[in-house]
Amino acid sequence: MTKAPPPVSTMIMRGIFEENPVFRLALSLCPAVAVTTSVKNGLMLGVAVFVVQVLSSVSASALKGIINPKIRIPIFTIIIAIWVTVMDMTLAAYFPVTYQQVGLYVKLIVAFAIIISRMELFSMKHNIVPSFWDGFGMGLGFLVAMVLAGAFRELLGSGSLFGFEIVAFKPLLLVILPAGGFFTIGLIMVLYNWVDLRLGHKLPEEKVGGGCHH
């Protein structure tokens, strides 16, 4: 018997806060650090992952009745690769300047663990509508993480936001460098955990021992 899905609001908030792919589950840290040197770059990768996550979750749910369980992982990979290709070509056509900086990481979305894990854990057990909202919540959580980290690093490292100068100097140039990226994400992780502990929640097991997983 299929377990009833949680309310839509719960699935959305879970992706943004409780199970945020970057700040709570520590997934896709390497592309997150590499791309979030500016809000614009973080936003592009975040939107790409959001779209691929939603479409892949819906596709897996729609096809779950004909997918052989023994070959489900290769099928999941093919589904994700199809949507990544669509996003890759779309971004390259309409946003060529920004794409030159993040295009490599858009292609790597095929290997992002958060997308295939939601297909395995949720979409294969639920219908299309709840799978859409689950993918929407997790994709939105990744998008929020990219924008937050990008805004923090661009503001402190370059003194600007979306390329518009806020201050006439670079307050903390180190924040733009890779080490600053890990520091930024770690700092926001601490904030997430502090808020969660203040609300009386427990730390998720997935976060313990997290690393540079895609």
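- Taking L55 as the reference, V51, W83 meet the side chain to side chain contact (heavy atoms under 4.5 Å, CB included) condition, with sequence neighbours excluded.
- Remark: the N20 side chain and the R14 side chain contain no N/O donor-acceptor pair separated by less than 3.5 Å.
- Here Y99 contributes atom OH and M89 contributes atom CE; the two are 9.5 Å apart, rounded to the nearest 0.5 Å.
- Minimum heavy-atom separation, R24 to F17: CG-O, 2.9 Å.
- The side chain to side chain contact (heavy atoms under 4.5 Å, CB included) test with I80 is passed by exactly one of I82, V84, T77: V84.
- In this model, no donor atom of one side chain and acceptor atom of the other lie less than 3.5 Å apart for Y105 and N41.
- With contacts defined as side-chain heavy-atom distances shorter than 4.5 Å, the pair N193/F23 does not qualify.
- In this structure, a donor-acceptor pair under 3.5 Å is absent between the side chains of S38 and E154.
- Residues satisfying the side chain to side chain contact (heavy atoms under 4.5 Å, CB included) criterion with I166, sequence neighbours excluded, are L155, L161.
- Looking only at side-chain heavy atoms (C-beta outward), P21 and F112 stay at 4.5 Å or farther from each other.
- A 6.0 Å sphere centred on OH of Y192 holds more than 12 heavy atoms belonging to other residues, nucleotides or ligands.
- A distance of 9.5 Å separates CE in M119 from CD1 in I75, rounded to the nearest 0.5 Å.
- In this structure, G163 and S160 approach most closely via the heavy-atom pair C-CB, 4.2 Å.
- At distances below 3.5 Å, not a single donor-acceptor pair connects side-chain atoms of S123 with backbone N or O atoms of S61.
- At most 12 non-hydrogen atoms from other residues, nucleotides or ligands lie less than 6.0 angstrom from NZ of K40.
- Note on F50 and I12: same hydrophobic cluster, where clusters join Ile, Leu, Val, Met, Phe, Trp and Tyr whose side-chain heavy atoms are under 4.5 Å apart, directly or indirectly.
- Residues T184 and L187 form no side-chain contact, since every pair of their non-hydrogen atoms from C-beta on lies 4.5 Å or further apart.
- In this structure, E120 and R72 have side chains that are in contact, with non-hydrogen atoms separated by less than 4.5 Å.
- Under the side chain to side chain contact (heavy atoms under 4.5 Å, CB included) criterion, L63 pairs with I66, I67, I79, not counting sequence neighbours.
- Listed for the N68 side chain is a donor-acceptor partner under 3.5 Å among the backbone atoms of K70.
- Among all heavy-atom pairs drawn from P6 and F122, the shortest one is CD-CE1, 4.3 Å.
- Side chain to side chain, R153 and T36 meet the donor-acceptor criterion of an N or O pair below 3.5 Å.
- With sequence neighbours left out, the side chain to side chain contact (heavy atoms under 4.5 Å, CB included) criterion links L156 to F152, L172, V175.
- A heavy-atom distance below 4.5 Å is found between the side chains of L43 and L143.
- The backbone N or O of H126 sits less than 3.5 Å from a side-chain atom of K64, completing a donor-acceptor pair.
- Residue I115 holds its CD1 atom at 5.0 Å from CD of Q53, rounded to the nearest 0.5 Å.
- In terms of the salt bridge (charged side-chain N to carboxylate O under 4.0 Å, His left out) criterion, residue partners of R118 (sequence neighbours excluded) are, by chain and number, E19, D134.
- Side-chain contact between L25 and I114 is present, with at least one heavy-atom pair separated by less than 4.5 Å.
- Linking Ile, Leu, Val, Met, Phe, Trp and Tyr residues whenever their side-chain heavy atoms come within less than 4.5 Å places L91 and F162 in a single cluster.
- Through ILVMFWY side-chain contacts below 4.5 Å, I176 is grouped with nothing and stands alone.
- Between L45 and M146, the shortest heavy-atom contact is CD2-SD, 4.2 Å.
- Going from atom OG of S56 over to atom CD1 of I78 covers 12.5 Å, rounded to the nearest 0.5 Å.
- At a threshold of 4.5 Å between non-hydrogen side-chain atoms, the residues F142 and S28 count as touching.
- In this structure, I116 CD1 and I73 CD1 are separated by 4.5 Å, a value rounded to the nearest 0.5 Å.
- Taking the side chain as every heavy atom from C-beta outward, S131 and I128 never approach each other to under 4.5 Å.
- Taken together through direct or relayed side-chain contacts under 4.5 Å among Ile, Leu, Val, Met, Phe, Trp and Tyr, L121 and W133 form parts of separate hydrophobic clusters.
- Cluster annotation: V8 and M138 are assigned to the same hydrophobic cluster (Ile/Leu/Val/Met/Phe/Trp/Tyr, side-chain heavy-atom contacts under 4.5 Å, transitive).
- Relative ring orientation between F132 and F136 is described as tilted, the plane-to-plane angle lying within the 30° to 60° band.
- Shown here for A81 and V110, the closest heavy-atom pair between the two residues is CA-CG2, 4.0 Å.
- I71 and F76 fall within a single hydrophobic cluster, where Ile, Leu, Val, Met, Phe, Trp and Tyr side chains are chained together by heavy-atom contacts under 4.5 Å.
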- Message: Before you tell me yes or no, could you show the steps for L27 and V22 under side chain to side chain contact (heavy atoms under 4.5 Å, CB included), namely the whole-Å CA-CA distance, both residues' side-chain angles and the distance that decides it to 0.1 Å?
- Response: CA-CA 5 Å; L27 295 172; V22 177; over 6 Å; no

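- Minimum heavy-atom separation, G135 to S57: CA-OG, 3.8 Å.
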